[in-house]
Amino acid sequence: MNIRFGWLPALVAGLWAVDGSAKPLRVASLNLCADQLVLEMLEPVRIASVTWLARDATQSAMAEAAKGVTINYGRAEEIVPQQADLVLVGQFTAPAATAMLRRLGARIEMVEQPRDLAGVRREILRVGAILGEAERAEAIIAALDRRLGALPPPIEPRPVAALLRPNGVTAGPGSLVDDVLRVAGYENFAARLGLDRTDRLPLEALIMGRPDILVVDYRDFALPSLAQLQQRSPMVARAVPKRVVVPSWAWTCSGSAIAEAVERLAQARI
Amino acid sequence: MREWSNARLLGTLGVLTAIAAIFSLGIGTLKIPPGDIWQAAWSSEPNVIRTVLIELRLPRTALALMVGASLGLAGAAMQGFLRNPLAEPGVVGISGMAALGAVVAFYTGLASAWSFAVPIGGIVGAGIGVALLQALAGRSGSTLTLILAGIALNAFAGALTSLALNLSPNPYAVYEILFWLMGSIADRTLEHLAFAAPLMVLGWLLLLGQGRALDALSLGEDAARSLGIDLRRTTWSLVLGAALAVGASVATTGVIGFVGLVVPHLLRPLVGHRPGRLLGASALGGALLVVLADMTVRSLALGVELKIGVLTALIGAPFFLALVLRGRRAFA
């Protein structure tokens, strides 16, 4: 097997541009967060493909833009004929396709999951440099900073916000969400309970602790699931009457969408 | 084992169940001293401890009691009616069909429009299950026919449930297969209780009313008829009662298996092997078993809470094996 087809990777590698350091002309993405950075920074002609998830408005901030470009389903076989000279991947997504493309000689760059707003800025600049769009990246950062600078200043003592994700999950210190809550002028209820970065929010603690506001991370699906039942439960609404909905696409990835999350939260504070 | 009088048996089970229920209300994520709970429960002004008790712990304990009673009662009634010791809602696929009905009602969005849709879906599923079983392996059928029909029904219902969840456009639905097939009473609210409880109670009344008929049926159909039992009416009451009790239970908590098998078997010697007397005792016994099982899954510190159906299966499966071994000796 190895002997007979040993020439194959070499042949396929010929499909990719030889010079890895030059400005990539066509970029493919195998990760939802990378998709959104690519769509935000590049002209559609330079985008070989993004994942099918990028078109889903419940989890992608760039769903409209994604409708104008080719999509992939995270398989190496789809990427190979697209003649991309750079493939952006995520740390945990499509590992088999990533390994295969690496074996075939593609230039691969990994997009990191941000853990705070500083990380979001870093990632925008880093990916901007990789894509040869440093100026565009700096413009995105400048716009982001303008929006964050226009926020109402925090008031002490800070109101306590409890985040409720599907399946009763919340986010503690060390997560992007925790930092976004802080920048928006809140104290994170999960941090007060001593919870981990990703942890279950005990409902008994929610009722006893009486946070000032419930932050619901919501994706609006056509049909229901048990996972989202708690977010819509009248019992939770009775326990914490004030709530703000932040759509998942606004605070999962690096990109200018993060400003939307901070603004929504800061406005709900007033 | 010697036969116990009704007063002694029901009294003992009742007291044990009440004690278990009180302990069940006392445990949760938060450690609240019993003194505080007692004070908060009787305090005139609203307070957070009472909110936790009423909104979170009461629905959970009440559902554990009611689902346990439904499963124990339905198991005892079906075993008496089919005169077959293996007729248990979970084993013969009625719970699986109920889960299918509830899944269809919930994930198609019907439940968003009408809150009773999920329990009704469960009841329709369970009803179809009982009817199919009755047609395939009715009262005259052998244990073997019943078990084969049950395996087929279980496989069919499980496959369709998984299919329905896989087809849902909501990506979370797929991960909820485990809930429906293994059951859980975690995070159920007062609303769940309010929609399921009346239907379960209706089912109980229908089943408990058939005690005399089941006693008569243990002598054979002709004898029962000569004793003035209307077999058509009995059949309908039992089918409808089992569908209501099992359907509403499974629609609220998923499939919790083996309760209807273990409880009647343990209690049968104590009631002198009379199927009529077994009904009330099995309801109380089922309530006790499920409350204890639910307290156990909550107390085990495994990080993620174990599904209660896993625990009842761990208790029930060896029990089932013991029955098989005893049966082999009897046949040999």
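All chains are named by letter (A, B, ...) in the order of the sequence lines, taking the proteins before the strands, and each is independently numbered beginning at 1.
- Using a 4.5 Å cut-off between non-hydrogen atoms, the part of residues 165-172 of chain A that approaches chain B consists of P166(A), N167(A).
- Remark: E77(A) CD is loosely packed, at most 12 non-hydrogen atoms of other residues, nucleotides or ligands lying under 6.0 Å away.
- Heavy-atom distances place the side chain of E191(B), and not its backbone, under 4.5 Å from chain A.
- Of the two parts of L165(B), neither the backbone nor the side chain holds a non-hydrogen atom closer than 4.5 Å to a non-hydrogen atom of chain A.
- The neighbour count for R57(B) CZ, taken as heavy atoms of other residues, nucleotides or ligands under 6.0 Å away, is above 12.
- Listed here is the closest heavy atom pair of P224(A) and F106(B): CG-O, 3.1 Å.
- The stretch residues 225-245 of chain A places S225(A), L226(A), A227(A), Q228(A), L229(A), Q230(A), R232(A), S233(A), P234(A), M235(A), R238(A) near chain B, each with some heavy atom under 4.5 Å from a heavy atom of that chain.
- The number of heavy atoms from other shown groups lying within 6.0 Å of CZ (F116(B)) is above 12.
- Sorted by first then second residue, the salt bridge (charged side-chain N to carboxylate O under 4.0 Å, His left out) pairs that include residues 106-122 of chain B, not counting sequence neighbours, number zero.
- With contacts defined as side-chain heavy-atom distances shorter than 4.5 Å, the pair F221(A)/P171(B) qualifies.
- Side chain of N170(B) to main chain of L223(A): a donor-acceptor pair is present (N/O by atom type, distance under 3.5 Å, no hydrogens or angles).
- Near-neighbour residues of residues 189-213 of chain A relative to chain B, defined by a heavy atom under 4.5 Å from a heavy atom of that chain, comprise R200(A), P202(A), L203(A), E204(A), A205(A), I207(A), M208(A), R210(A).
- Looking at Y175(B), neither its backbone nor its side chain comes within 4.5 Å of chain A, counting heavy atoms on both sides.
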